[in-house]
Amino acid sequence: MVKRLKVATIGGGSSYTPELVEGFIKRYDEFPISELWLVDIEAGKEKLEIVGELAKRMVQKAGLSIEIHLTIDRRAALKHADFVTTQFRVGLLEARAKDERIPLKYGVLGQETNGAGGLFKGLRTIPVILEICRDMEELCPQAWLINFTNPAGMVTEAVLRYTNIKKVVGLCNVPIGMEMGIAKLLDVDPSRVRIDFAGLNHMVYGLDVYVDGESVKDQVIEFLTDPNNSSFVKNIQGIGWEPEFIKALNVLPCPYHMYYYKTKEMVGKEMESSKKEGTRAEVVQKLEKELFELYKDENLDIKPPQLEKRGGAYYSDAAVRLITSIYNDKGDIQPVNTMNRGAIASIPYESAVEVSCIITKEGPKPIVVGDLPVPVRGLVQQIKSFERVAAEAAVTGNYNTALLALTINPLTPSDQIAKEIVDEMLEAHHEYLPQFFKEAKV
Ligand code: G6P
């Protein structure tokens, strides 16, 4: 008998689900999935129904016999799953809007995966992912966990450090977005472009870039000096690099580096746009409403192109390409978040890094990078320290540790401002941070 392939997607009611379903349809020949279980929570039931019905129509149009199950029973979905993908958002977009708005009041960047916003998203998310891991150990111990939930690097770090799950891969669409963007700039097919990636999630560098095996790094860096080419994702509007700086850096930054190398300008820009069109979460809330209206249309049976206005473009490509390569033991190269195991010399052995890996059925094997170039090494190490301390705060619910995490983050100007932000954010997110409110203050 042929084994049935079961995938469970936690956060299945997400507006991104049609991306994922499209990915499974496109790669069905290589990964003949039998059951896709879309799981959400009670509060997400309505969205789950809408997006789940669209998923069913997409599968039917493709003429495939993939069963789509919609459920709020996470344990039923996890039972005997072969792959578990996670794409949930604790506190929904309302919580993201707070992560983005509150720090701005203190003149500090508000962003969903960086600085204070990233810390608080991690504090809300990590306890939930650890719970999912405990369920997986019991209900599907053989399964692979493919985590797309942000902050993906910090979440992967927490799973590696605080659970027994070994089969975990953190995934992001930024590397694939960079390869696609560069292919477009060079006017070549994306399959001919390869970047040597190394660093951390949303803190990854392209150490070299090739077309058909020949380095084109200098040419690409020249392209990056044009402000129009400084971001490859829809959620970050690039504001251009100083050409002399980017040439001296001599590696390809990812769009998120703009928050670190252009902090003042980016904070100014965020403040301006938060007053005009709203923060990114507020923009996305409107976009989501439109998307779900479209999804309700019973005649719609494909992924609508409007979804490409979201920052997570190519998510399905990245996710299903990875699953397919693990399943088929392909041995191809893909950038993912995995245990370093010595690949990057300046990062601890057991920490999560985002690095080009060979993908096999035993999982990703990181390609050895050696030491990162001196100009970027320190920042990567500092962010790794931030992620580790933040993960510890999420697990322990210790106030001082949370304050420490925020203060050592390079986007935070002082311990005093960090304290003010932590205090306000803890109150604002009270409901989703029970670990910090275990003992009533006397
Ligand atoms: C990216 C990031 C994702 C993030 C997304 C946000 O490109 O890699 O980690 O979730 O953008 O996009 P959004 O449309 O929600 O702002």
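FYI, side chains are in, hydrogens and waters are out, and symmetry mates aren't considered; it's all heavy atoms of this structure. Since this is a predicted model, take the numbers as computed values, not measurements. Atoms within each ligand, like the ligands themselves, are counted from 1 in listed order.
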Closest non-hydrogen protein atom to [atom], residue and atom name please, with distance?
atom                   : value
atom 7 (O) of ligand 1 : G311 O, 2.7 Å
atom 4 (C) of ligand 1 : E112 OE2, 3.4 Å
atom 2 (C) of ligand 1 : Y256 OH, 3.3 Å
atom 8 (O) of ligand 1 : N173 OD1, 2.6 Å

State, without any angle test, whether Q237 and S231 hold a side-chain donor-acceptor pair at a distance under 3.5 Å.
no

Contact with ligand 1 for F232, non-hydrogen, under 4.0 angstrom
no

Looking only at heavy atoms of K309, does any of them come nearer than 4.0 Å to an atom of ligand 1?
no

Should you measure from each heavy atom of [X], which atoms of ligand 1 turn up under 4.0 Å away?
X    : value
R280 : 13 (P), 14 (O), 16 (O)
Y16  : 12 (O), 13 (P), 14 (O), 15 (O)
N150 : 3 (C), 4 (C), 9 (O), 10 (O)

Min side-chain heavy-atom separation L5-Y327 under 4.5 Å:
yes

Walk me through whether N150 and T113 qualify under side chain to side chain donor-acceptor pair (under 3.5 Å).
CA-CA 7 Å; N150 272 326; T113 60; 5.5 Å; no

For E288, which of R96, R89, K47, K309 qualifies under salt bridge (charged side-chain N to carboxylate O under 4.0 Å, His left out)?
K47

